[in-house]
*Asks:* 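Dropping a structure here in structure tokens format, bear with me for questions.
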Amino acid sequence: MPELPEVETTTRGLAPHICGQTVKAVNIYQTQLRWPIPLEVQHLEGQLSGNIERRAKYMLWHFTTGSVVMHLGMSGTMRVVDAGTPLKKHDHFEVVFDNGKALRLNDPRRFGAVLWQPKDSELSIIHSLGPEPLSNDFDGDYLHHKLAKRKGAIKNAIMTNAVVVGVGNIYASESLFLSGIHPKRAANRVSKTRCQLLANNIKLVLEKAIQQGGTTLKDFTQTDGSPGYFAQQLNVYGRAGEACPNCQSVIKKITLGQRSSFYCPSCQN
DNA sequence: ACTGGATCCTGATCGC
DNA sequence: TGCGATCAGGATCCAG
């Protein structure tokens, strides 16, 4: 489901199908997502679609009058289908094009979002986003500086969008494992050297996952596969009770910020 | 200014 | 087999 790599893959996959198409109709079947879908998106009818890009886990789909901002939440998927194809359960939002195709958002849990961002303005949820993890704006020095006043757990810190975007629950655990840092360690007590290591490992893990993005998406479109998609490549996530690949200690599971966290008690401190 | 907790919602799975 | 409790890959908002 929607970790950063999947949003990236979705964005890339969607682009050739929707960019340059003219919108014939916009259909809202369930307005109540994370926030109500604004009526402005209806005004897209007749407009020519521009390009689509990813920012954090949001997709920004540009039109001349503004942009559609889409988020997949925990359970969202987007598909391009032939217009008129029977709706599936939890299809909430649809954009029909002149070429007979339609873009559909399906989201069982409805944690996703469809918003409208007028031209030359920026929604606050976009404005407040920290740097992209794969950009040069994000490195060890930046991270160390940013964490200086954060006393909470390092794992929560790297999952905070104001610090860095796109690090989900899985990759937070994985990158901390690779860096030998205990998830509960106070963020401001991670040394500069270790911040550099951590920043590099976040990039590494995400890049690797993006390479697998296609597979990820495919797995997901198939029948479920909850913990599974990336499973072979995960060192600690979802592996409580198993042996640490480095030292054979038993991997532990704790709860941090209401999210499951996995770590090796010997390798990480 | 930072942080922990509640919160939105459905569905799959686990334990009894 | 049934049923309630628990857990999911997100992230904003709000009280303290």
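Chain letters run A, B, ... following the sequence lines, proteins first, then strands; residues in each count from 1.
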*Asks:* Measure from CG on A/Asp107 to C1' on C/dA8 and round the result to the nearest Å.
*Replies:*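 Computing the A/Asp107:CG to C/dA8:C1' distance gives 13 Å.
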
*Asks:* Should A/Ser260 be listed as having a side-chain N or O under 4.0 Å from OP1 or OP2 of C/dA8?
*Replies:*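 Indeed, a polar side-chain atom of A/Ser260 lies that close.
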
*Asks:* Please state whether the phosphate of B/dG11, meaning OP1 or OP2, lies under 4.0 angstrom from any side-chain nitrogen or oxygen of A/His90.
*Replies:*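 For A/His90, the contact criterion (side-chain N or O under 4.0 Å from OP1 or OP2 of B/dG11) is met.
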
*Asks:* Just by modelled atom types, is the A/Ile170 backbone N or O under 3.5 Å from a matching donor or acceptor in the A/Ser173 side chain?
*Replies:*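 No; judged by distance alone, with no hydrogens or angles, the pair does not exist.
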
*Asks:* For C/dT12, take OP1 and OP2 only and decide whether either is under 4.0 Å from a side-chain N or O of A/Tyr58.
*Replies:*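 Checking C/dT12 against A/Tyr58, a side-chain N or O does come within under 4.0 Å of OP1 or OP2.
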
*Asks:* What nucleotide, of C/dT12, C/dG10, B/dT10, holds the atom closest to the side chain of A/Glu3?
*Replies:*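 Of the options given, the side chain of A/Glu3 lies nearest C/dG10.
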
*Asks:* Rounded to the nearest angstrom, tell me the gap between atom CG in A/Leu4 and atom P in C/dG10.
*Replies:*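 Taking CG of A/Leu4 and P of C/dG10, I get 10 Å after rounding.
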
*Asks:* If we check side chain to side chain contact (heavy atoms under 4.5 Å, CB included) with A/Phe63, which of these qualifies: A/Val41, A/Val23, A/Leu48?
*Replies:*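 Among A/Val41, A/Val23, A/Leu48, the one that satisfies the side chain to side chain contact (heavy atoms under 4.5 Å, CB included) with A/Phe63 is A/Val23.
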
*Asks:* Write down the atom of A/Asp107, the atom of A/Gly76, and the distance for their closest heavy-atom approach.
*Replies:*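 Distance-wise, the nearest heavy atoms are OD1-N, 3.5 Å.
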
*Asks:* Grab the CD1-P distance between A/Ile254 and B/dG4 for me, whole Å please.
*Replies:*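 Answer to the nearest Å: 13 Å.
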
*Asks:* I need the CZ-P distance between A/Arg259 and C/dT12, as an integer number of Å.
*Replies:*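 Taking CZ of A/Arg259 and P of C/dT12, I get 13 Å after rounding.
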
*Asks:* Partners of A/Asn99 by side chain to side chain donor-acceptor pair (under 3.5 Å), sequence neighbours excluded?
*Replies:*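 Expected list: A/Gln21.
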
*Asks:* In whole Å, what is the span from the CE atom of A/Met74 to the C1' atom of C/dA11?
*Replies:*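 These atoms are roughly 10 Å apart.
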
*Asks:* Where along residues 145-157 of chain A does a heavy atom come under 4.0 Å from DNA chain C, residue by residue in number order?
*Replies:*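 DNA chain C contact set from residues 145-157 of chain A: none.
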
*Asks:* Taking the side chain of A/Arg109 as its heavy atoms from C-beta onward, which of C/dA8, C/dG10, C/dT12 lies nearest to it?
*Replies:*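 The answer is C/dA8, which lies nearest to the side chain.
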
*Asks:* Determine: side-chain N/O of A/His71 to OP1/OP2 of C/dA11, distance under 4.0 Å, yes or no.
*Replies:*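 Looking at the OP1 and OP2 atoms of C/dA11, one of them is under 4.0 Å from a side-chain N or O of A/His71.
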
*Asks:* Identify which nucleotide among C/dT12, C/dA8, B/dC8 has an atom closest to any side-chain atom of A/Phe111, counting heavy atoms from C-beta outward.
*Replies:*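 That would be B/dC8.
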
*Asks:* If hydrophobic clusters are built from ILVMFWY residues whose side chains come within less than 4.5 Å, do A/Leu14 and A/Leu60 share one?
*Replies:*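 Hydrophobic grouping puts A/Leu14 apart from A/Leu60.
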
*Asks:* For A/Gln32, does its backbone N or O pair with a side-chain atom of A/Arg110 as donor and acceptor, under 3.5 Å?
*Replies:*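 A pair under 3.5 Å: yes.
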
*Asks:* Do A/Arg54 and A/Leu4 have side-chain heavy atoms sitting under 4.5 Å apart?
*Replies:*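 Counting from C-beta outward, A/Arg54 and A/Leu4 do come under 4.5 Å.
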
*Asks:* Keeping A/Ser266 on the side-chain end and A/Ser249 on the backbone end, is there a donor-acceptor pair under 3.5 Å?
*Replies:*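 No, A/Ser266 side chain to A/Ser249 backbone: no donor-acceptor pair under 3.5 Å.
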
*Asks:* Measuring only the P atom in each nucleotide, how far is C/dC7 from B/dG5? A whole number of Å is fine.
*Replies:*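 Each nucleotide's P atom is 15 Å from the other's.
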
*Asks:* Note every stem involving DNA chain B: at least three consecutive Watson-Crick or G-U wobble pairs, i with j then i+1 with j-1, with both distances under 3.5 Å.
*Replies:*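 Consecutive-pair runs (3 or more) involving DNA chain B: B:2-8 with C:10-16, B:10-16 with C:2-8.
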
*Asks:* In whole Å, I'd like the distance from the OH atom of A/Tyr171 to the P atom of C/dG10.
*Replies:*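 So the two atoms are 10 Å apart, to the nearest Å.
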
*Asks:* Do A/Glu6 and A/Lys57 sit within salt-bridge range, that is, some charged N less than 4.0 Å from a carboxylate O?
*Replies:*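 So A/Glu6 does not pair with A/Lys57 through a salt bridge.
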
*Asks:* When all nucleic acid strands are considered with a 4.0 Å heavy-atom cut-off, which category describes A/Gln258: base, sugar-phosphate, or nothing?
*Replies:*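 Touches a base.
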
*Asks:* Atom CD of A/Gln32 and atom C1' of B/dT7: how far apart are they, to the nearest Å?
*Replies:*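 One finds 13 Å between C1' of B/dT7 and CD of A/Gln32, rounded.
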
*Asks:* Taking a hydrophobic cluster as the set of Ile, Leu, Val, Met, Phe, Trp and Tyr residues connected by side-chain heavy atoms closer than 4.5 Å, whether directly or through intermediates, do A/Val165 and A/Leu72 fall within one such cluster?
*Replies:*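 Different hydrophobic clusters.
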
*Asks:* Grab the CE-P distance between A/Met159 and C/dA8 for me, whole Å please.
*Replies:*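 Between P of C/dA8 and CE of A/Met159: 12 Å.
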
*Asks:* OP1, OP2 of C/dG10 versus side-chain N and O of A/Arg34: anything below 4.0 Å?
*Replies:*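 A/Arg34 to C/dG10 OP1/OP2: no side-chain N or O under 4.0 Å.
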
